Amino acid sequence: MSSKTFDEDHIANKLSLFFDRYKSKIITFPKEKGWMTDELYMYQGFWFQSARMFSIMTVMAAQDDFKPHPSDIYLATQPKCGTTWLKSLVFAIVNRNRYQNENHPLLSTNPHKLVPNIETEVVEKIPTYAEGHSPRLFFTHLPCISLPPSILDFGCRIVYMCRDPKDVLVSLFHFANKLRGTSTGPMTVEEAFEKFTKGITPHGPYWEHVKGYRKASLENPSKILFLTYENMKSDTENNVKNLADFLGYPFTEEENSRGVMEEIVSLCSFEKLSAANKHGDLGRGLPNSAFFRQGNVGDSINYLTPEMIQILDDITNKEFHGLDISF
Ligand code: A3P
């Protein structure tokens, strides 16, 4: 008798179905050596992983199979821009009347399990994926241009968070080295820097991804909120207040007098979440603890040379010129 669960069987069947559906297209895409997977494939101007979560197959399947609702809320980032933090904050804001602090799901469950990714578990579980209550809260690493079109056509609310590319590069370098198999061996900082500056990262080029959402948010600020990790770190409380207003869940006077917003900030702090995620895993070789390293701004200075920093800053200044993005 098989020891696999119904879900595991269902997902395995779905993945093989996606493989059959898309393989003839995928083999025609440009490819490069990956950070955590054998390959990255270029699709619609961006690089996607050959396997693991957010693979090229499930990205294409999400575009074909996922059905957005107008009331959905989407969170979007590139890896290592503060996804885990953003998921926890938005989950806590939207669900604050459902859970008490002492038995809050964030104290026992990884934020990645609480806010599902459309291009991984959601698309893999269609049609058995539980619809949940409204608004549905989803996450994606998809670039703006690759979102299922109805997300933008319906005017769904989207929260995008980006981060200083120097810190993203260093965070991704550490993350990749934690997850790379022993046969591949660790990456060097030099290798990571070269790939990153060429735009070859999962869901990259980094700058193109940010620009897509930034331009969309400037055109439609009431539907697309653009945040930076650095600003969220330096003024978490004001950002959380703005986030709640944008999502349609503003804090009431009565909640303000009870300090509800401050409780959410504390619940989602690096210290609280990293302590709650010391053990356990998300499956697929992803330990919960891998999403918590330092949670600081500016750690890249400890890994990149002054020349590397200058090159990255020059690219960023050129690419983001006129877009009012600062870190
Ligand atoms: P560092 O590697 O620089 O420490 P993502 O969630 O997109 O994978 O990003 C991971 C980065 O966010 C890591 O950065 C991690 O430490 C940091 N992080 C995780 N939880 C956080 C939190 N609650 N507050 C601030 N930063 C957090």
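Order of listing sets the numbers, starting from 1, for every ligand and every atom in it. Remember, predicted model here, so these are calculated numbers, not experimental data.
Using cut-offs of 30° and 60° on the angle between ring planes, the pair Phe291 and His112 is tilted. By the 30° and 60° cut-offs, the orientation of the rings of His174 relative to Tyr303 is perpendicular. Ring pair Phe46/Phe48 is tilted by interplanar angle, where 30° to 60° counts as tilted.
Scanning all protein heavy atoms for the shortest distance to atom 13 (C) of ligand 1 gives Ser171 OG, 3.7 Å. Distance from atom 8 (O) of ligand 1 to its nearest protein heavy atom, with residue and atom name: Lys80 NZ, 2.5 Å. Counting protein heavy atoms only, atom 5 (P) of ligand 1 is closest to Thr83 N, 3.5 Å. The protein heavy-atom contact nearest to atom 16 (O) of ligand 1 is Arg293 N, 2.9 Å. Among protein heavy atoms, the minimum distance from atom 6 (O) of ligand 1 is reached at Thr84 OG1, 2.5 Å. Ranking the protein heavy atoms by distance from atom 21 (C) of ligand 1 puts Phe270 CD1, 3.7 Å first. Of the protein's heavy atoms, Cys268 O, 2.9 Å lies nearest to atom 23 (N) of ligand 1.
Here the shortest heavy-atom pairing between Phe173 and Ala192 reads CD1-CB, 4.0 Å. Across Phe246 and Pro221, no two heavy atoms sit closer than the pair CE1-O, 3.8 Å.
Aromatic ring centres of Phe66 and Phe138 lie closer together than 6.0 Å.
In the vicinity of Gln294, heavy-atom distances shorter than 4.0 Å reach the ligand 1 atoms 4 (O), 16 (O). For ligand 1, the atoms closer than 4.0 angstrom to any heavy atom of Ser269 are 23 (N). Ligand 1 places these atoms under 4.0 Å from at least one heavy atom of Phe291: 8 (O), 10 (C), 15 (C), 16 (O), 19 (C). Residue Gly82 approaches ligand 1 through these ligand atoms, each under 4.0 Å from one of its heavy atoms: 5 (P), 6 (O), 7 (O), 9 (O).
Under 4.0 Å from ligand 1, the heavy atoms of Cys81 that appear belong solely to its backbone. Contact annotation for Tyr229 and ligand 1: only side-chain heavy atoms (C-beta onward) come within less than 4.0 Å of the ligand. Looking at Ser274 against ligand 1, nothing comes within 4.0 Å, counting heavy atoms. When heavy-atom distances to ligand 1 are checked against a 4.0 Å cut-off, Arg163 comes that close only through its side chain, counted from C-beta outward.
A cation-pi geometry, defined here as NZ or CZ lying under 6.0 Å from the six-membered ring centre and within 45° of its normal, holds between Lys87 and Phe139. Relative to the ring axis of Phe251, Arg96 places its NZ or CZ within 45° and under 6.0 Å from the centre.
No side-chain donor-acceptor contact under 3.5 Å links Asn296 and Asp299.
In this structure the side chain of Asn231 never reaches within 4.5 angstrom of the side chain of Asn238, judged on heavy atoms.
Distances between N or O atoms of Gly295 and those of ligand 1 include at least one value under 3.5 Å.
Around atom 24 (N) of ligand 1, the closest heavy atom drawn from Phe175, Phe292, Trp85 belongs to Trp85.
To the nearest 0.5 Å, atoms OG (Ser274) and CG (Asn288) are separated by 11.5 Å.
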